[in-house]
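What follows is one structure encoded as structure tokens, with my remarks underneath.
In listed order, ligands and their atoms are each counted from 1.
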Amino acid sequence: MSPHENPSGAGPVDPAANLASIKAEIETALKEAGRAPGSVAVTAVSKFHDADRILPVLEAGHRVFGENRVQEALAKWPALKEKYPDIELRLIGPLQTNKAKEAVAAFDVIESVDRPKLARILAGEMEKQDRRPTLYIQVNTGEEPQKAGIAPAEVGGFLTQCREEFGLEIEGLMCIPPAEDDPAPHFALLAKLAKSLGLPGLSMGMSGDYLIAAQLGATHVRIGTAIFGSRPAKEGITAA
Ligand SMILES: *Cc1c(COP(=O)(O)O)cnc(C)c1O
């Protein structure tokens, strides 16, 4: 658990201050690991939090945010984007094909491409809308039956299919390690896979393990609780 977390939900939460100290910690971890300064971007995961909680982070100059549900993002972000047009919005949760159209319109990055049917429908929507969000393949590094993602052994084949059959460009890989596992071997596996496939993007690491992810090659860490405090009751992560 990060020291920034406020698991009880009690007491004041200062998202902008939390984010600033997280960024500083990441820079220290990068230095220790011999990685270039600034090589990890923080995706501030704002799911379940309303605009009041998000605004201080925007006012502090941060622009990269993650949401895990299309409907929630559509309800929250158009108004914020009007005020801050350079926001980068990343979809980090599972995407149903019947929401692909809205997702292509609303998101700048879709991290959860996890099956051929979705890839095909995204390709069609991108063509139709002439809008090309950056895409990541979600990898099920723990091969958990209930979790979305391509099995590690099948990522190469799926990448080729995305490129050759659907004409999609893929930026990188994303994973959510099993909650009960040591995340390090999962991050190392994802990094190795991305390297072998020549993919530059690596989205891995959350509130409890972002420093480990930064050391192991993440280019994006997805941090919610350690920035914004605990989420209000209805939790979405188990569905991811
Ligand atoms: C909610 C969520 C996160 C952020 O989790 P925290 O532990 O609150 O930092 C990261 N990635 C995904 C896919 C999520 O759904």
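Atoms of ligand 1 lying under 4.0 Å from at least one heavy atom of Thr225, given by number and element, are 6 (P), 7 (O), 8 (O), 9 (O). Against a heavy-atom cut-off of under 4.0 Å, Ile223 is close to the following atoms of ligand 1: 9 (O). In the vicinity of Arg222, heavy-atom distances shorter than 4.0 Å reach the ligand 1 atoms 4 (C), 9 (O), 10 (C), 11 (N), 12 (C), 13 (C). Residue Gly224 has at least one heavy-atom neighbour below 4.0 Å for each of these atoms of ligand 1: 4 (C), 6 (P), 8 (O), 9 (O).
Ile110 and Ile121 are members of different hydrophobic clusters when ILVMFWY side chains are connected at heavy-atom separations under 4.5 Å. Using a 4.5 Å cut-off between side-chain heavy atoms of Ile, Leu, Val, Met, Phe, Trp and Tyr, with links allowed through other members, Val64 and Ile223 fall into different hydrophobic clusters.
Using a 30° and 60° split on the angle between ring planes, His220 and Tyr136 fall in the perpendicular class, above 60°.
Backbone and side-chain nitrogen or oxygen atoms of Ile176 are examined, and none is located within less than 3.5 angstrom of a nitrogen or oxygen of ligand 1. For Arg231, a nitrogen or oxygen atom sits less than 3.5 Å from a nitrogen or oxygen atom of ligand 1, counting backbone and side chain alike.
Applying the salt bridge (Lys or Arg N to Asp or Glu O under 4.0 Å) test between Asp108 and each of Arg63, Arg131, Arg90 identifies Arg131 as the sole match.
Counting only non-hydrogen atoms, the option in Gln138, Met206, Lys47, Glu67 that gets closest to atom 2 (C) of ligand 1 is Lys47. Of the candidates Ser230, Ser207, Ala226, the one placing a heavy atom closest to atom 9 (O) of ligand 1 is Ser207.
Counting heavy atoms from C-beta outward, Arg115 and Thr97 have side chains that approach closer than 4.5 Å. Counting only heavy atoms from C-beta outward, the side chains of Gln71 and Glu102 approach each other to under 4.5 Å.
Residue-ligand proximity: Glu111 is placed with every non-hydrogen atom at 4.0 Å or more from ligand 1.
The local environment of CD in Glu59 is crowded, with over 12 non-hydrogen atoms from other residues, nucleotides or ligands closer than 6.0 Å.
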